[in-house]
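What follows is a single structure, written as structure tokens, with notes after it.
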Amino acid sequence: MTATRRIALSTGVSLDVAVAGDAGAPAMIFLHGFPESHRTWRHQFAEFARDHHVIAPDQRGYVRSDKPAAVADYSPDRIVADLIALADALGVGRFTLVGHDWGGAIAWMAALRHPDRIERLIILNAPHPLIFQRSLFDDPDQRAASRYITKFRDTAIDRGLIGAGLEHFFATGFAKLVTRAIAGQDKAAYLDEWSQPGAMTAMLNWYRASAIVVPAPGETPERPAWIDAPFPPVTQPTLVVWGLRDKALLSVQVEGLEAVVPDLTVVKVDAGHFVPWEAPEAVNRAIRGWLR
């Protein structure tokens with residue numbers, strides 16, 4: 001993976017950012033999710049740097065990028081602002097935006113808010129906000145699969161996520177979600193990233209700052225009015241690549257997407273949640289074919 005460089009943003013944070021390819025080529029910005037880093041894209045970076053200006057930050061709160069103290073500093077609108085500020089800092093006007101997991105959630109929001117900047121959208125196993133919130137009320141299986149969000153919002157867990165606690169999180173919380181074993185340098189990289197001062201709390205603050213409602217099993221809380229109201233469409237051409245063996249985000253997330261994403265292509269892949277590196281050949285092939 002390309003070495004990172006530090007970039008100070010107008011939003012007040014500095015991020016470590018991997019950059020490769022010709023700065024004059026069409027730009028692609030890659031946003032990772034939880035609990036990863038720019039390394040999420042290690043199998044895509046060199047491939048697309050051949051004919052694109054590729055950019056992959058360690059987002060705020062992750063690895064050695066800045067970690068603001070307040071939970072509110074991790075609200076999605078601030079992270080979208082980081083994305084636009086990063087493009088500005090690198091002199092990038094319009095770009096293709098690629099996002100996985102939380103990075104995909106930010107990508108959906110950014111595409112809706114900044115159609116003047118985001119030319120095309122590529123989403124990998126990240127739910128559209130309307131589909132996701134609706135499924136948490138209407139789909140018992142997705143509601144059950146999303147219970148981890150409630151756990152992550154409990155700040156009491158942070159005390160155990162240091163030292164040996166990180167090994168426990170790796171084995172019981174992370175490794176169980178992947179479809180291939182992680183060992184050696186890859187495991188060491190995760191443990192190094194998570195052990196940076198304040199990193200685990202900052203990463204979990206993304207969940208704590210989110211307004212998404214996760215009802216308990218059997219609970220019938222008041223239904224948010226917006227999930228049954230008209231929702232603005234994503235106007236960009238959009239590719240969704242979905243690993244069908246995802247245990248956290250079920251395939252209900254790709255049902256009905258065409259109603260809010262008119263220019264939609266969906267490619268389903270035999271992989272788990274971490275599809276960019278669990279099935280890199282299939283992912284790269286899908287993106288290449290769609291870009292053409």
Side-chain angles (χ1 to χ4, degrees), residues 1 28-45 47-48 56 59 96-108 111 120-136 139 141-149 152 170-183 186-187 189-190 203 206-207 212 234 237-258 260-261 264-291:
M1 188 73 193
M28 296 179 77
I29 300 181
F30 293 79
L31 300 180
H32 68 82
F34 179 91
E36 298 205 282
S37 69
H38 73 279
R39 292 185 66 256
T40 298
W41 310 108
R42 55 194 178 274
H43 300 292
Q44 285 73 49
F45 220 61
E47 166 63 26
F48 294 99
Q59 299 200 76
T96 296
L97 181 57
V98 189
H100 171 252
D101 183 78
W102 255 116
I106 297 303
W108 283 119
R120 292 177 293 196
L121 186 63
I122 301 173
I123 299 289
L124 298 92
N125 282 66
H128 183 282
L130 177 66
I131 304 294
F132 188 44
Q133 184 63 91
R134 192 180 283 167
S135 72
L136 290 172
D139 189 288
D141 292 337
Q142 183 60 68
R143 185 186 296 197
S146 297
R147 292 302 299 155
Y148 69 93
I149 296 176
F152 285 173
F170 182 91
T172 62
F174 179 56
K176 288 185 176 180
L177 288 175
V178 306
T179 59
R180 59 172 62 177
I182 305 170
D186 281 338
K187 180 179 179 181
Y190 283 114
M203 291 156 60
W206 286 50
Y207 291 93
I212 201 79
V234 171
T238 301
L239 170 67
V240 172
V241 180
W242 203 268
L244 291 172
R245 288 192 277 158
D246 193 331
K247 297 175 185 176
L249 295 167
L250 310 183
S251 52
V252 66
Q253 301 306 328
V254 294
E255 295 174 8
L257 258 182
E258 64 281 352
V260 284
V261 189
L264 175 68
T265 301
V266 177
V267 175
K268 298 177 181 179
V269 176
D270 182 24
H273 177 71
F274 296 94
V275 65
W277 50 264
E278 289 186 10
E281 297 85 2
V283 166
N284 291 358
R285 186 166 56 250
I287 294 174
R288 274 280 173 216
W290 183 76
L291 289 175

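Because only heavy atoms are used, hydrogens play no part in the values below, and waters and symmetry mates are left out as well, while side chains stay in.
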Handout entry: Backbone N/O of Met203 and side chain of Trp102: donor-acceptor pair under 3.5 Å
Key = no
Exercise for the section: Take Glu258 and Val266 through the side-chain contact (heavy atoms from CB on, under 4.5 Å) test and state the conclusion after the steps. Expected result: CA-CA 10 Å; Glu258 64 281 352; Val266 177; over 6 Å; no
Exercise for the section: Start with the C-alpha distance between Glu36 and Tyr190, add both sets of side-chain angles, then the distance that settles side-chain contact (heavy atoms from CB on, under 4.5 Å), and finish with yes or no. Expected result: CA-CA 7 Å; Glu36 298 205 282; Tyr190 283 114; 2.4 Å; yes
Problem - Any donor-acceptor pair under 3.5 Å from Gln142 side chain to Leu250 backbone - result: yes
Practice task
Applying side-chain contact (heavy atoms from CB on, under 4.5 Å), run through Asp246 and Gln253 and close with a yes or a no.
Solution key: CA-CA 11 Å; Asp246 193 331; Gln253 301 306 328; over 6 Å; no
Problem - Nearest heavy atoms of Ala248 and Ala145, plus distance in Å - result: O-CB, 3.7 Å
Problem - Aromatic ring pairing His100/Phe274, orientation class (parallel under 30°, perpendicular over 60°, tilted between) - result: tilted
Handout entry: Exam field: side chain Gln59 to backbone His32, donor-acceptor pair closer than 3.5 Å
Key = yes
Handout entry: Close side-chain approach of His128 and Val240, heavy atoms under 4.5 Å
Key = no
Exercise for the section: Give, for atom CG of Leu136 and atom CD1 of Ile149, the distance between the pair rounded to the nearest 0.5 Å. Expected result: 6.5 Å
Exercise for the section: Of all the heavy-atom pairs spanning Ile131 and Val252, show the shortest one and how long it is. Expected result: CG2-O, 3.9 Å
Exercise for the section: For the residue pair Leu177 and Tyr148, establish whether any side-chain heavy-atom pair is separated by less than 4.5 Å. Expected result: no
Problem - Electrostatic pair Arg288:Glu47 at N-O distance under 4.0 angstrom - result: yes
Practice task
Compute whether any side-chain donor of one residue and acceptor of the other, for His273 and Asp101, lie under 3.5 angstrom apart.
Solution key: yes
Exercise for the section: Please confirm whether the backbone N or O of Leu249 pairs with a side-chain atom of Asn125, one donor and one acceptor, at under 3.5 Å? Expected result: no
Handout entry: Gap between atom CG of Leu97 and atom OG1 of Thr238 - 0.5 Å precision
Key = 10.0 Å
Fill in the blank from the handout: Note: Ala286 and Val267 closest approach over all heavy atoms is CB-CG1, 4.0 Å
Practice task
Give a yes or no on whether the backbone of Ser37 and the side-chain of Thr40 come within a donor-acceptor separation of less than 3.5 Å.
Solution key: yes
Practice task
Identify the heavy atoms of Gly104 and Ala126 that sit nearest to each other, and give their distance.
Solution key: CA-CB, 3.4 Å
Problem - Note, Leu130 side chain near Trp108 side chain (heavy atom, < 4.5 Å) - result: no
Handout entry: Under 3.5 Å donor-acceptor, Glu278 side chain and Thr179 backbone
Key = yes
Handout entry: Within-4.5 Å side-chain heavy-atom neighbours: Trp206 and Ile106
Key = yes
Exercise for the section: Determine, stepwise, if the pair Asp186 / Trp277 fulfils side-chain contact (heavy atoms from CB on, under 4.5 Å). Expected result: CA-CA 11 Å; Asp186 281 338; Trp277 50 264; over 6 Å; no
Problem - Closest contact, heavy atoms only, Leu121 versus Ala111 - result: CD2-CB, 3.8 Å
Problem - Pairwise side-chain contact, Phe48 with Trp41, heavy-atom cut-off 4.5 Å (strictly under) - result: no
Handout entry: Flag side-chain contact, heavy atom, 4.5 Å: Pro276 against Phe30
Key = no
Problem - Where Ala56 and His38 come nearest, the two heavy atoms and their spacing - result: O-CB, 3.5 Å
Completion exercise
Taken to the nearest 0.5 Å, the spacing of Leu31 CG from Ile123 CD1 works out to 9.0 Å
Practice task
Determine whether Lys247 and Lys176 make a side-chain contact, defined as any pair of heavy atoms from C-beta on separated by less than 4.5 Å.
Solution key: no
Problem - Trp290 side chain near Val241 side chain, heavy-atom distance below 4.5 Å - result: no
